[in-house]
Structure formats: structure tokens, C-alpha cells
Amino acid sequence: MTTTTDGWRSGLLGVIIFSGSLPATRVAVAGFSPLFLTSARAVIAALLGAAMLHLLRQQTPAKRDIGSLVIVALGVVIGFPLLTALALQHITSAHSIVFIGLLPLATAIFGVLRGGERPKMLFWPFSMLGSAVVVGFALIGDDTVSITGDLLMVAAVVLCGLGYAEGATLARRLGGWQVMCWALLLALPVMLVLAATARPASWQAIGGGAWTGLAYVSVFSSLIGFMFWYRGLAVGGTASVGQLQLLQPFLSLALAGLVLGEPVAWTMILTTGLVVLCVALARRYA
């Protein structure tokens, strides 16, 4: 019980950190293109991760772990950030919540397929209900339709769910923060090329807010958040702790209200309460 609670605490802290990504990204894209922001954040996080691995004298992963690290890199370092950035050129951020609401379910499914987890039968109805609540909230008043954007988001969710589950399994052997650091290093060559290709034509016009946003998504969203997140998934269970992601859209909207002054509707507060209930019940039967 203590181990499970510890896993949930780590997972919740990771989700709270991730929740700042949306407001930070909204600020950052005012000065950077989505492609540059995606690649630059990975490059910065990879360099920090390399320094941590060197200073703390971490051993190189075994050959059997390389394939799993490639999956993590493709899923959460390259795939999800890049595909969502491309999707947001076709759909609104509000519409993207429809798909983010499906991410916990995707993570749980891959936790079963890749991690060998076996949640109780009652876990699945509450997991699906929580996802349905988030999707329903996002669809209220949304008439945005784009096949291209929707397909990009579906691909992003599938890759991210796979990367989360694979990283959680690997974290039991390598450690949570080590998994993310090695995955970032594997993706570094690709991200360096993308960053160089998409770099801004002029650096002088970029405001302080954009730099602050880039710093947050590079240090916290791409590195520190994953340290807590992968530890939570590894200790508390991928399917169970993964349900905490249902809270992320609402925490992001709340932070957007505090930081960016965006309005917070009463429907969001009500929906958040329902989601918290679904998460609590899913945890009980995980």
C-alpha cells in the first residue's frame, strides 16, 4: 500500500508539472514555430540529461534495453510533441483535449500489452468513463472538424501511450530519470537537425515570454516531469497511475486562467470533480 501511494504521489507531481506545458507552449509559440519549439526543447533537455548521466556516473544501458529506449524516444520525445504541434495547425487546442482524454486509456492498454499488467475488470469501466467525461467536456461548443488534425492527434496519442508504458517497464530496471535521459540522447541527432532547419530567421524579435516558455517545456516538461512520471508508473502501476492524466487538461486550463488570465467556466469545475471521482474509483480497482 505504501509503495502504491508513493507511486501515485510521484505520478501526480509529474502530471502537475506537465500541466504547465500548455500555458508555456502558448506563450512560446508567440516567438517560435511549433517545429523549432518541439526540437529545441528536446535538444536542451538532452544536453541536461547527458550532464546528469555523466556527473552521477550512470552505466550505459544493456543491449536488450536499446529497443525499448528507441520506442520511448519515438513516442514521447519525437512523436507526441511533433505530431501535436502539427495537429494544432489544423485544430484548436480545445479540440485537442478530445484526444488527450483518451491518453490514459491508451497508456493502460499498452501497460497490459507491453508491461504484462492485469487490472481488475471494474478498472476498465471507470477508466473509459473518465475518458468519456474529458472528451464530452472538450466537445461542448466545439464545431472544429479536420480529418488531418484528428488523424495526427490519434497517432500522437497511440505513440505517447506506447512510450509511457514502455518507459514504465524500463524504469523498473534503469530508474525513471535515467530512462528519459537515455531516450533524449537517442533522439538528439534527429532533433539537432530539426532545430537547425527550423531555427528563427531573427533572434532579436523574440520576446522574453517566448524564452521563458521554451525554458519551461525544455527543463520541466521534457525532463523533470518525466523523472517523477516514470517513477510513478513503475512503482504504482502503469494502468493505475496513468489515470492521473485525466486531470491534466483541467489543471492546464486552471493554470492558463492564473497565468494568462483566461476565463475558467463553471462547467470545467464540475467536470473536474467528475474526473477526480473516476480516477479515485479506477485506482481502487486497478
How are the rings of Y164 and F18 set to each other: parallel, tilted or perpendicular (split at 30° and 60°)? parallel

Give me the atom names and distance for the closest heavy-atom approach of V217 to S21. CG1-O, 4.1 Å

May I ask whether L56 and I224 are part of the same hydrophobic cluster, defined by side-chain heavy atoms of I, L, V, M, F, W, Y residues being less than 4.5 angstrom apart, directly or through others? yes

If hydrophobic clusters are built by linking Ile, Leu, Val, Met, Phe, Trp and Tyr wherever their side-chain heavy atoms come under 4.5 Å apart, do V193 and L83 end up in the same one? no

Return the minimal non-hydrogen interatomic distance between G14 and F228, and the atom names on each side. N-CB, 3.9 Å

Kindly indicate whether the side chain of L185, heavy atoms from C-beta on, has any atom under 4.5 Å from the side chain of L53. yes

L86 CG to M153 CE distance, which is reported to the nearest 0.5 Å: 11.0 Å

I need the L69 CG to C181 SG distance, nearest 0.5 Å. 11.0 Å

Using every non-hydrogen atom in the two residues, find where R172 and A234 come nearest and quote the distance to one decimal. NE-O, 3.2 Å

Within a radius of less than 6.0 Å around CZ of F220, do more than 12 heavy atoms belonging to other residues, nucleotides or ligands occur? no

Could you tell me whether the side chain of E166 reaches within less than 4.5 Å of the side chain of L170, counting heavy atoms only? no

Pairwise side-chain contact, M191 with T38, heavy-atom cut-off 4.5 Å (strictly under): yes

Considering only residues two or more places apart or on different chains, which pairs with a residue in residues 34-70 satisfy ring-ring contact (aromatic ring centres under 6.0 Å, His included)? F32-F36, F36-W203

Side chains of L223 and S218: closer than 4.5 Å at any heavy-atom pair? no

Quick one: are T197 and L194 in side-chain contact, heavy atoms under 4.5 Å? no

If you look only at pairs with a residue in residues 173-193, which of them pass as a side chain to side chain donor-acceptor pair (under 3.5 Å), with sequence neighbours excluded? Q58-Q178, D65-R173

Going by atom types alone, do S19 and Q248 pair a side-chain donor with an acceptor below 3.5 Å? no

State, with a plain yes or no, whether a side-chain heavy atom of R231 is found less than 4.5 Å away from one of F226. no

Nearest heavy-atom contact between V72 and A183 is CG1-CB, 3.7 Å

Which distance, rounded to the nearest 0.5 Å, do you find between the CG of L233 and the OG1 of T107? 7.5 Å

In Å, rounded to the nearest 0.5 Å, how long is the span from CG of L82 to CG of L159? 10.5 Å

Stepwise, does the side-chain contact (heavy atoms from CB on, under 4.5 Å) test hold for L162 with V158? CA-CA 6 Å; L162 175 59; V158 171; 5.6 Å; no

For the student: nearest non-hydrogen atoms of G242 and Q245, plus distance: O-NE2, 2.8 Å

Polar side-chain atom of S240 near backbone of G237 as donor-acceptor pair, under 3.5 Å: no

Measure the OG1-CG distance between T60 and L174 for me, rounded to the nearest 0.5 Å. 10.5 Å

What's the verdict on side-chain contact (heavy atoms from CB on, under 4.5 Å) for T25 and L37, showing C-alpha distance, side-chain angles and the deciding distance? CA-CA 8 Å; T25 299; L37 181 63; 3.8 Å; yes

Quick check: do D150 and H90 have side-chain heavy atoms less than 4.5 Å from each other? no

Rounded distance [0.5 Å steps], CG in L188 versus CD1 in I44: 11.5 Å

Is there side-chain contact between V235 and S10, with at least one heavy-atom pair below 4.5 Å? no

Grab the two heavy atoms, one from C160 and one from F80, that are nearest each other, plus how far apart they are. CB-CD1, 3.5 Å

